[in-house]
Novice: 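Before we start, here is the structure in question, set down as structure tokens.
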Amino acid sequence: MEDTQLTSTQSQRLVFAVNGERFELSTVDPSITLLQFLRSHTRFKSVKLGCGEGGCGACNVLLSKFDSKLKQVEDYAVSSCLTLLCSINGCSITTTEGLGNTKDGFHSIHQRFAGFHASQCGFCTPGMCMSLFSALVNSEKTNRPEPALGLSKITASEAEKSISGNLCRCTGYRPIADVCKSFAADVDMEDLGLNSFWKKDAKLHKLPFYDSKQITTYPEFLKKEYKFTTVLNHQTKSWYSPLSIEELGSLMDYSSSDNCVMVKLVVGNTGVGYFKETDQYDRYIDLRFIPELSTIKKSGSDIEVGATVSISKLILALKEERINDALCSDDVMVFKKIASHFEKIASESIRNVASVGGNLVMAQRKNFPSDIATILLAVKSKVTILTGVKKEILTMEEFLEKPALDSRTVLLNVLIPCLKPTKNGYSEKSNTKVIFQTYRASPRPLGNALAYLNAAFLAEIFVSDSGVGINSIQLAFGSFGAKHAISAHMVENYLVGKTLSVDLIYEAVKLVRVAVCPENGTSHPAYRSSLAIGFLFDFLWPLVKADDCLNSSFCNFPEVISRMTFDHSETTTLLSSAKQVIESSHEHYPVGEPIVKSGAAIQASGEAVFVDDIPSPPNCLHGAFIYSTKPLARVKNIKLKSERDVNSVVTFQDIPQKGDNIGALTFFGPEPLFADEHTQCTGQRIAFAVANTQKNADVAADTAMVDYDIEDLEPPILTIEQAVEKSSFFEVPSLVYPSQVGDFSKGMDESDHQIHSAEIQLPSQYYFYMETQTALAVPDEDNCMVVYSSIQVPEFAQSVIARCLNIPEHNVRVITRRVGGGFGGKALKAMPVATACALAAYKLHRPVRTYVNRKTDMIMAGGRHPMKINYTIGFKSNGKITALHLDVLINAGMSPDISPMLPWNMLCGLKKYDFGALSFDFKVCKTNHSSKSAMRAPGEVQGSFIAEAVIEHVANHLSLDPGFVREINFHSFESLQLFFGVGAGEPLEYTLPIIWDKLMKSSNFEYRVKTVSKFNKNNIWRKKGISRIPILHEVSLRPTPGKVSILRDGSVVVEVGGIELGQGLWTKVKQMTAYCLRAVQCDGTDGLLDKVRVIQADTLSMVQGGFTSGSTTSEASCEAVRLCCNVLVERLAPLKEKLSEQMGSVKWELLIMQANMRGVNLSANSFFVPELTSRRYINYGAAVSEVEVNLLTGETKILQTDLIYDCGQSLNPAVDLGQIEGAFVQGIGFFMLEEYLTNSDGMVVVDGTWTYKIPTIDTIPKQLNVQILNSGHHKKRVLSSKASGEPPLLLAASVHCATRAAIKEARNQLCSWKGLGDSDSMFQLDVPATMPVVKTLCGLDNVEFYLQNKDIDIDGVASNTRYGICNEELEQDDDEN
């Protein structure tokens, strides 16, 4: 290629379509992503930035391209946050707006998301819709039979898995799964959960009709005018699309001759989701259009896979019968198993564009923990690389072990060999069999999570007179903390030629422990080595006694057959049919009805406006935080790597004279906006970089160099022990410090047994709201500031901004329409974000906005309070506890926030049992960590868990059933009054005993306990546990304002202090408004619900809005609205009576028109102040959870949860059901999955979706049955209702307790193998009970002890392992992993 071909004169145009609209761009910055373009340059705002890593699905869109040769359209979902805009030339993009909208009508996907109550905050919903739509579109291209009208060709299993790569923090996934399955051809409509389409008679025709031909994904005009583009230029940057390897070589040579030119090779660009880039590239070379790199073909005895082939296309090719027809059955089996394993890599939207070659190059060059490299290593694959003009074929092992490839080297293809019969001297018999299995242990079975370890084993086995022998074997292990995947040659060499036996496997696993040795600094190294042993054991153990069946097609050994065939069990659904039992109340219609959540349909269609969706005003700038990386240091200087695109760097020095350096404020004190003389923690805000785009601001902040000085400073306080040593505490005001109960010394004297100084440590948890912190500040006239903030407490933000800018509060207007998930994290933690934007806007006299990236958000968020608890218990021989004392150290971080409230909140959760006497000492520790804040059920979840830990400890000490100990310590109403005072309410309100008994029957608890016990006796490598726990959760109502105005046409506008976070506050308020105004008794008031609109919170319109937190804001807002409506009804009633006398019946619209004409005030304000005697009340619930623990991996599957929760008289059972399920699943995250880890300096080290794992559809209970108990009338409650937002989260401890029960069975078994009898030792199961934690307690060496055990019944091995090692899902990598 001549140099002239690289000049700007060759630049062409980028042409594509979005939702059928044509776009043509003559100049494009090659680094801009599709998401950035859509959000900044189009009206389509539904694509949301949730993570920027392709790990959450919030930005998913459908990409369609036309194959002019095959004359067909290819459609697939992509992550728009990673897809580069230049890569979509000639493509069509469909977002959820392209499916339907308010004006033209909603798509059936939108309608079903709303109707199945599957959208709460709504931020994730557009991405969910597009993941499902993509699956529906592609299912129509299959050769399956035509389904019934209104259904798709998709299967229920495929429908569920279509959203397995999407995260949701609100719903708990069950209703979303029902939406997906409602389109499936094989669905049983009766299995679908609560919805608005039917109550009893589940029929297809009642669902919104689905027409597979409704949406054209690729417009005709693109087919006609699309022209291939080879060069796109933008200023100094260029995008090239070579068409041959020769062109590529010329481009590489040209680029390498100029050392100043930065070159990026591009296929899917998914690597930046893992390896974050701040480099500015000059040239982008798109490799996708080079034929040699983009095809899959048979080449001799190999399958040649071009390097740019996507993972999804390779999966499809490996599964396709037309390719496999020419292969032997062993090849088919191996290829299908490889394909099945590859389906666990990342998510579908990533696999659709991520290339096989890119994955391998990341593994080779950057030590990416690749599954593909491990699997291809096991099957002896090869690769072809090109350096300059030199081609080289290497084995996968040689490729991985080479020094990191330089920028001039390109991977061309991968060669996957077909299997050949092995000839060696060990066996002359012809009855050899090939066995193959892949393994993967990761936090999520369906992928979208890196593995702790992956492995693949390929062996040829033969039969000799002495048993089954190994003819050849390949053992590959990866992702365990080494630079790359390895072949365990030492183990292979040891096994080849030998006959399998117990002793042989024992020696082999010892060698594996040596071979699989994680490098220093790898997390859970012993666990990863143990996984390798477990996987090899699982692979070989079924063969030990299988020699007798080799000549009978292995008919008696399904676990052996599974290694020689492909299992299709992956077609089963993830979730079983679940029950949702609710009771509607018609007494206060429409209050009490399960109506659809307000705004759900527009959330699904992408029309709901979040803060970052508000169009940027003219001259708007964008900001990003520069935060401290030192826990305690002086900031000497901040230097930007490049100041070219940065307008300003705002620090505390820019705060106006007499303004305060304040970023957040509570009753307990302020938190600074920026560090001034010293940083107080890692993650503390130091400055705010302001630039012309969010991308430039983020890069400036990320690359900023901060010069620190720690000379003469005291060491930072980084542990609670150090805080105690230095007496570094926050004061807890006596007003909020809880009272002791009873006489502890007397209780201890009455006890028969005592346990002293037992310890529990509880960790932090990150909010993981799908919408990160965001704000927009716009300077207004007369020194005013308008701030749009995603915040739970606009009123407090108004005060903080005013104090910072030194202006009156009436000059600050904070507006919040909706929040994309809060959970407490959008309360105080949102204030400094809004304040920083306001300060920057004030300084620069221009609008300033920010959308905090996920990494920065996670580092600065603080999260749930970590704590350390020591407890001492006295108890009777029957398990009745007589005294409990707690010493609690709470890590509050650098500022008080709401931390002084934690002791009170913890006691509210802890007092669920009658502990006789209860004493405690709480210390709220001030440390050099980020300040911790309220997170859903702050303190209550820890207190409730401590209570369960105490119960379990007593039960273990006395060898009693924990359930019996729970029951004997239940409150009587008298003890409840003693512990809770007026919060106990009336005797009839104490519904826990009723719930407890009801749950035992509805969950079939006693039978299941026996079934679990029988299972555990019959299974070696899987143990089940079951646990039933109660909760008592005290909540408090707060004063709340409301305003109701009736407009001229009879429509109604409502304002409340509460903020819509997804909890259905607006929905309940609308219902309450319609109910109360019906009291006028006009004609047409039955349709009032549709006339009511709840509008955004505005601090200059609705004052004293307070906090939206504590689960009671919805009911308090409803009561405030009821007070307003009562005033309006009182005003309208006399007029209505007069009109009735004159006209008979009076229509609502006529009444309002007459009221306007006669000067009736049609707007009413109220301020609801709860009575002191009824302000606090207790919520009750109980749950049974059953789990199954894999003793080889530590994986815990939640088989079933049955839950009953008392909602009083639910204001909206559908909304409350969503809150219950969502809270419970978020609790599963805390107790089982989410590790919010920091390094020794307190810096958060899990800073994205790659490392922080919230629950997904494959980690929730397989069956989640929920019953809402309408417990009767509570006169002091708002229409007898009770809260539902936070209390159910506490019930997730049932999963943790059930896991503990399963582990106890495993430990007893291990002790018997060790010859120690049953284990009676107490053990603490950490929170979260992750796979490494569970496996460690079950025994990292359990396989070795099993093999050493002289009492192994060899003759019974096969039957035992059938249900132990290899039953059902374990031996299938698709379910185990």
Side-chain angles (χ1 to χ4, degrees), residues 1 5-6 10 12 14 28 30-31 33-34 63 65 67 74 76 78 82-91 228-233 237-256 261-273 275 277 279 281-297 304-314 317 350-366 368 370 372 383-392 399 405-415:
M1 178 183 289
Q5 288 182 274
L6 301 174
Q10 299 297 313
Q12 297 164 329
L14 187 67
V28 186
S31 68
T33 64
L34 174 59
L63 185 147
K65 57 185 182 181
D67 188 322
E74 184 181 357
Y76 48 87
V78 299
L82 300 178
T83 303
L84 293 173
L85 184 65
C86 286
S87 69
I88 68 164
N89 189 42
C91 297
F228 182 76
T229 301
T230 56
V231 183
L232 289 165
N233 288 321
K237 300 176 182 177
S238 301
W239 176 282
Y240 301 101
S241 300
L243 299 177
S244 67
I245 290 178
E246 291 71 27
E247 276 189 60
L248 172 63
S250 298
L251 281 169
M252 298 292 285
D253 288 342
Y254 179 82
S255 299
S256 62
V261 172
M262 293 280 289
V263 177
K264 179 180 175 70
L265 299 182
V266 179
V267 181
N269 198 48
T270 56
V272 301
F275 298 106
E277 291 181 348
D279 291 331
Y281 291 97
D282 303 292
R283 293 193 182 129
Y284 292 73
I285 302 177
D286 184 355
L287 305 178
R288 294 174 302 153
F289 300 100
I290 301 174
E292 297 95 322
L293 304 188
S294 58
T295 55
I296 303 174
K297 61 184 180 182
E304 182 182 309
V305 182
T308 66
V309 169
S310 71
I311 299 172
S312 288
K313 284 190 175 179
L314 177 57
I350 297 297
R351 295 193 298 269
N352 287 338
V353 291
S355 66
V356 176
N359 183 286
L360 292 175
V361 169
M362 286 199 305
Q364 200 277 343
R365 186 182 287 165
K366 297 184 176 181
F368 176 72
S370 164
I372 293 177
V383 299
T384 307
I385 61 174
L386 175 70
T387 305
V389 294
K390 179 186 175 185
K391 286 186 181 180
E392 189 177 5
F399 171 72
L405 300 179
D406 61 32
S407 59
R408 293 179 62 250
T409 302
V410 179
L411 178 66
L412 298 182
N413 57 48
V414 179
L415 303 170

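Just so it is clear, the model here is predicted, and its values are computed rather than measured. Below, all heavy atoms of this structure are taken into account, side chains as well, without hydrogens, waters or symmetry copies.
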Novice: Restricting to non-hydrogen atoms, name the atom on C86 and the atom on P30 that form the minimum distance, rounded to 0.1 Å.
Specialist: SG-CA, 3.8 Å
Novice: Give the minimum heavy-atom separation between P291 and L243, together with the two atoms involved.
Specialist: CD-O, 3.3 Å
Novice: Can you measure from OH (Y284) to CG (L265) and round to the nearest 0.5 angstrom?
Specialist: 12.0 Å
Novice: Out of curiosity, Y281 OH to K237 NZ, how far, rounded to the nearest 0.5 Å?
Specialist: 11.5 Å
Novice: So, R408 side chain and D253 main chain: donor-acceptor pair closer than 3.5 Å or not?
Specialist: no
Novice: Ignoring hydrogens and geometry beyond distance, is a side-chain donor-acceptor pair present between N352 and S310 at under 3.5 Å?
Specialist: no
Novice: Does any non-hydrogen side-chain atom of E304 lie less than 4.5 Å from one of T384?
Specialist: no
Novice: Measuring from atom CD1 of I245 to atom OG of S250, what distance do you get when rounded to the nearest 0.5 angstrom?
Specialist: 12.0 Å
Novice: Locate the shortest heavy-atom distance separating G306 from N413; write the atom from each residue and the value.
Specialist: CA-CB, 4.1 Å
Novice: When rounded to the nearest 0.5 angstrom, what is the spacing between OG1 in T33 and CG in L82?
Specialist: 8.0 Å
Novice: Do side-chain atoms of R365 reach the backbone of L405 as a donor and acceptor pair under 3.5 angstrom?
Specialist: yes
Novice: Looking only at non-hydrogen atoms, find the nearest pair between A354 and T270 and report the distance.
Specialist: CB-OG1, 3.4 Å
Novice: Kindly say whether L293 contributes a backbone atom to a donor-acceptor pair with the side chain of T308 at under 3.5 angstrom?
Specialist: yes
Novice: Please confirm whether the backbone N or O of F399 pairs with a side-chain atom of Q364, one donor and one acceptor, at under 3.5 Å?
Specialist: yes
Novice: In Å and rounded to the nearest 0.5 Å, what is the OG to CG distance from S238 to D282?
Specialist: 8.5 Å
Novice: Any side-chain heavy atom of L412 sitting closer than 4.5 Å to one from I290?
Specialist: no
Novice: Work out which heavy atom in D286 is nearest to a heavy atom in P242; give both atom names and the distance.
Specialist: O-CD, 3.3 Å
Novice: To the nearest 0.5 Å, how far apart are CG in N359 and CG in L411?
Specialist: 10.5 Å
Novice: Decide if atom NZ of K313 counts as having more than 12 heavy atoms of other residues, nucleotides or ligands within a radius under 6.0 Å.
Specialist: no
Novice: Could you check whether any side-chain N or O of T387 sits under 3.5 Å from a backbone N or O of K390, counting only pairs where one atom can act as donor and the other as acceptor?
Specialist: no
Novice: Please check this pair: side chain of D406 against backbone of T409, looking for a donor-acceptor N/O pair closer than 3.5 Å.
Specialist: yes
Novice: Would you please test V353 and Y76 for side chain to side chain contact (heavy atoms under 4.5 Å, CB included) and show each step?
Specialist: CA-CA 9 Å; V353 291; Y76 48 87; 3.8 Å; yes
Novice: How close do S370 and I372 get, heavy atom to heavy atom, and via which atoms?
Specialist: OG-N, 3.1 Å
Novice: Heavy-atom distance under 4.5 Å between the side chains of W239 and V266, does that happen here?
Specialist: yes
Novice: Test your reading of the model: is there a side-chain donor-acceptor pair from R288 to the backbone of S87, 3.5 Å cut-off?
Specialist: yes
Novice: With a 3.5 Å distance limit and no angle check, can you tell me whether N89 reaches the backbone of L14 through a side-chain donor-acceptor pair?
Specialist: no
Novice: Is the shortest heavy-atom distance from the side chain of E292 to the side chain of L248 under 4.5 Å?
Specialist: no
